[in-house]
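Below is one structure, written out as structure tokens, with a few remarks after it.
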Protein chains: 2
Amino acid sequence: MQSEPVASRSADPRDSRDSRESRSGTPQLDAVSLAIIEQLQEDGRRPYAAIGKAVGLSEAAVRQRVQKLLDQGVMQIVAVTDPLTVGFRRQAMVGVNVEGVLDPVADALTAMPEVEYVVMTAGSFDILAEVVCEDDDHLLDVINKRIRALPGVRSTESFVYLKLKKQTYMWGTR
Amino acid sequence: MQSEPVASRSADPRDSRDSRESRSGTPQLDAVSLAIIEQLQEDGRRPYAAIGKAVGLSEAAVRQRVQKLLDQGVMQIVAVTDPLTVGFRRQAMVGVNVEGVLDPVADALTAMPEVEYVVMTAGSFDILAEVVCEDDDHLLDVINKRIRALPGVRSTESFVYLKLKKQTYMWGTR
DNA sequence: TCGAAGCCTGCGGATTTCGCAGATCTGATC
DNA sequence: GATCAGATCTGCGAAATCCGCAGGCTTCGA
């Protein structure tokens with residue numbers, strides 16, 4: 001989860017227990033957990049026994065691993081849709097430029113229910129945020145009154161969605 | 001199960017009856033189906049009986065509706081993760097400017113396995129594409145050798161991800 | 001009026017989930 | 001090297017869930 005180089009993985013006395021965490025707090029996943037995730041990326045409701053057969057583990061072991069992955073927040077099993085199908089008529093990606101530290105702005109964006117996706121980036125924007133709204137008024141309100149009003153926000157640029165062409169969640173399956 | 005976009009729906013002339021389609025080919029969802037989707041956005045593995053109790057339907061009815069929603073491609077139930085956690089070290093959003101028609105370029109991007117997300121936008125980019133790669137070399141290769149090489153691509157701008165702050169799939173839950 | 005289609009309910013039987021106890025393995029400590 | 005603690009896996013009933021199917025109700029058009 002961190003852009004930090006993983007190079008310095010020396011003998012850290014602490015990271016013995018648990019599933020070995022890097023200093024960024026990101027759990028280290030072994031090949032079996034990756035295989036389980038891959039199975040669930042194909043079908044989030046696949047039975048544990050079927051997954052177990054595919055990855056070479058018992059049903060109970062798969063169940064425990066899945067539960068742990070969910071608890072740790074490594075993955076979530078959810079229904080995804082095209083928002084346009086579900087009644088949200090306006091979506092946009094908003095590029096944000098920030099003065100000073102990024103985190104307060106990123107946290108404020110994260111707290112907004114209309115914001116589905118927040119990522120800090122390197123490039124001509126500091127933060128990219130995806131906004132899902134019901135109509136133009138709503139979108140305008142979120143961008144102009146709420147996002148641009150945040151302290152530290154220097155400027156924003158919006159990209160209104162015209163058509164969603166692809167949406168996948170299957171890295172690992174390739 | 002398919003890497004097919006959730007967005008694209010088959011404009012089949014036959015299914016005029018069915019659950020009533022608008023001319024965009026998008027199935028019209030009633031309040032109950034929306035409520036079911038909402039339940040599954042909270043927990044993709046929630047039992048049908050529990051969903052039925054929440055939306056006022058029998059277990060079998062929920063099951064049939066869910067199956068239909070999946071078949072129609074309205075929603076998918078999948079595991080989602082932060083790719084950085086799962087071993088993909090470099091991600092970027094790529095803004096693309098196109099000369100002429102957009103669709104050939106958008107389709108070419110959609111066909112690339114490293115591209116997870118493609119959307120046509122209004123604004124200073126014509127297309128936004130999210131790229132998931134294993135390392136810097138891979139990312140560089142995709143952006144410079146593959147994307148920029150597409151016929152019709154006038155220019156691109158990349159935003160390398162530093163940290164994913166938020167990722168939700170819960171429209172309707174608000 | 002009739003038939004077809006869509007959607008719902010109820011109901012067993014097969015399957016899956018769930019909780020738990022015991023076995024195994026690994027690393028840390030002395 | 002002996003031992004202990006923690007984590008993980010397996011096996012196994014009991015409970016819950018999933019699944020297919022038959023039947024009822026309603027709508028719509030011939």
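Chain letters run A, B, ... following the sequence lines, proteins first, then strands; residues in each count from 1. Because the structure is predicted, anything quoted here is derived from the model rather than measured.
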Would you mind writing out the side-chain donor-acceptor pairs for residues 99-113 of chain A within the sub-3.5 Å range, not counting sequence neighbours?
| from | atom 1 | to | atom 2 | distance (Å) |
| --- | --- | --- | --- | --- |
| A:Asp107 | OD1 | B:Lys165 | NZ | 2.9 |
| A:Thr110 | OG1 | A:Ala106 | O | 2.8 |

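Rounded to an integer number of Å, the gap from CD1 of A:Ile51 to C1' of C:dT16 is 12 Å. Atom-to-atom, CZ of A:Arg65 to P of C:dC18 comes out at 18 Å; the value is rounded to the nearest Å. Rounding to whole angstrom units, CG of residue A:Leu40 and P of C:dT17 are separated by 10 Å. In this structure, CD1 of A:Ile36 is placed 12 Å from C1' of D:dC9, rounded to the nearest angstrom.
An angle of 30°, rounded to 10°, separates the two end axes of the helix from C:dT1-D:dA30 to C:dC30-D:dG1, each defined over five pairs.
Among all heavy-atom pairs drawn from B:Gly52 and B:Val62, the shortest one is CA-CG2, 3.5 Å. Of all the heavy atoms in B:His138 and B:Glu134, the pair that sits closest is ND1-N, 3.2 Å. Contact record, A:Gln167 with A:Leu164: OE1-CD2, 3.9 Å, taken as the closest heavy-atom pair.
Residue pairs meeting the ring pair (Phe, Tyr, Trp, His ring centres under 6.0 Å) criterion with at least one member in residues 91-137 of chain B, sequence neighbours excluded: A:Phe159-B:Phe125. Pairs passing the ring pair (Phe, Tyr, Trp, His ring centres under 6.0 Å) check and including a residue from residues 92-114 of chain B, sequence neighbours excluded, do not occur. Evaluation of the ring pair (Phe, Tyr, Trp, His ring centres under 6.0 Å) test over residues 43-87 of chain B, restricted to residues two or more places apart or in two chains, returns none.
The side chain of B:Lys68 places an N or O atom within less than 4.0 Å of a non-bridging phosphate oxygen (OP1 or OP2) of C:dC7.
Taking 4.0 Å as the cut-off between side-chain N and carboxylate O, B:Arg89 and B:Asp135 do not count as a salt-bridged pair.
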Open item on the list: So if I define the base as every atom that isn't primed, P, OP1 or OP2, how would nucleotides 10-21 of chain D read as a B/S/- string at a heavy-atom cutoff under 4.0 Å?
Closed with: BB-----SBBBB

